[in-house]
Amino acid sequence: MAAMKPLKIGVLISGNGSNLQAIIDAIDDGSLAAEIVLVVSSRPDAYGLERAQRANIPTIALNRDVYKDVTAANILIANSFKDAGAEYLIMAGYMRKVTEEVLSAYPDKVVNLHPALLPSFKGAHAIEDAFAFGVKVTGITIHFANQDYDKGPIIAQRAVEVYETDTLETLEARIHEAEYELYPEVISLLAQGRVHVDEETRTVHISE
Ligand code: GRF
């Protein structure tokens with residue numbers, strides 16, 4: 001088989017960036033044919049920026065002032081990723097909403113990672129909420145972002161069992177392990193052109 005052209009991706013972060021790291025590692029070990037062309041952080045103090053710089057990935061750090069004009073911030077984000085040549089945008093712990101300006105520049109090409117099995121436990125505290133509810137199975141969802149937050153077409157999900165002995169911390173750790181495995185796998189499916197959104201049903205099908 002001819003070598004696949006690496007998929008050019010942009011990554012949006014706000015914090016630790018451990019999912020960004022998992023993507024960097026998968027690219028490094030050859031399991032993911034992608035290239036991260038730019039990392040944008042909503043915060044200047046995000047540790048993920050250091051991870052990107054260590055991997056020689058260009059970065060842009062935004063801050064609270066920039067987001068005072070949300071539209072301008074999102075135009076800046078869209079233009080920066082376009083200029084960098086990103087084909088897909090990967091949100092990895094990005095704590096701001098992407099708006100119309102980004103979504104229309106990347107239709108069905110903005111991917112989000114949510115640490116629960118959507119449509120359960122939407123929002124910013126999904127792991128805590130699921131744990132507090134006492135569910136016996138939770139998990140992770142990777143989906144396309146659209147205007148309705150946490151409601152875009154689902155690409156992949158993985159279940160994570162909640163054990164009797166779990167604390168929030170141990171559950172969180174297993175959720176993250178699942179994320180580090182599944183997110184690079186999904187990006188690899190995107191790189192292989194195997195992810196298709198059905199226009200009518202707005203559901204995702206993965207081709208062979
Ligand atoms: C992940 O749990 C992700 O699901 C959630 O925020 C966390 C980001 O962690 N949206 P990190 O910044 O990738 O370490």
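In listed order, ligands and their atoms are each counted from 1. All values reported here derive from a predicted model rather than from experimental measurement.
- Under the 3.5 Å distance criterion, the side-chain polar atoms of N112 are left unmatched by any main-chain donor or acceptor of A145.
- Listed for the H114 side chain is a donor-acceptor partner under 3.5 Å among the backbone atoms of F121.
- For S104, the side-chain contact (heavy atoms from CB on, under 4.5 Å) test picks out E100, with sequence neighbours left out.
- Nearest-heavy-atom check against atom 14 (O) of ligand 1 across A124, S18, P115, A22 picks out S18.
- Every atom of ligand 1 is numbered from 1 in the order shown, and the set under 4.0 Å from a heavy atom of H176 is 1 (C), 2 (O).
- Residue N19 places at least one N or O, backbone or side chain, under 3.5 Å from an N or O of ligand 1.
- With sequence neighbours left out, R96 forms a salt bridge (Lys or Arg N to Asp or Glu O under 4.0 Å) with no residue at all.
- In terms of protein heavy atoms, atom 8 (C) of ligand 1 is closest to G93 CA, 3.5 Å.
- In terms of protein heavy-atom proximity, atom 4 (O) of ligand 1 is closest to E179 OE2, 2.4 Å.
- Looking only at heavy atoms of the protein, atom 12 (O) of ligand 1 is closest to G17 N, 2.8 Å.
- Without hydrogens or angle criteria, E87 side chain to K8 main chain gives a donor-acceptor distance under 3.5 Å.
- Side-chain atoms of S188 never come within 3.5 Å of backbone atoms of P184 as a donor-acceptor pair (strictly under, hydrogens ignored).
- With respect to atom 10 (N) of ligand 1, the closest heavy atom belonging to the protein is L113 O, 3.5 Å.
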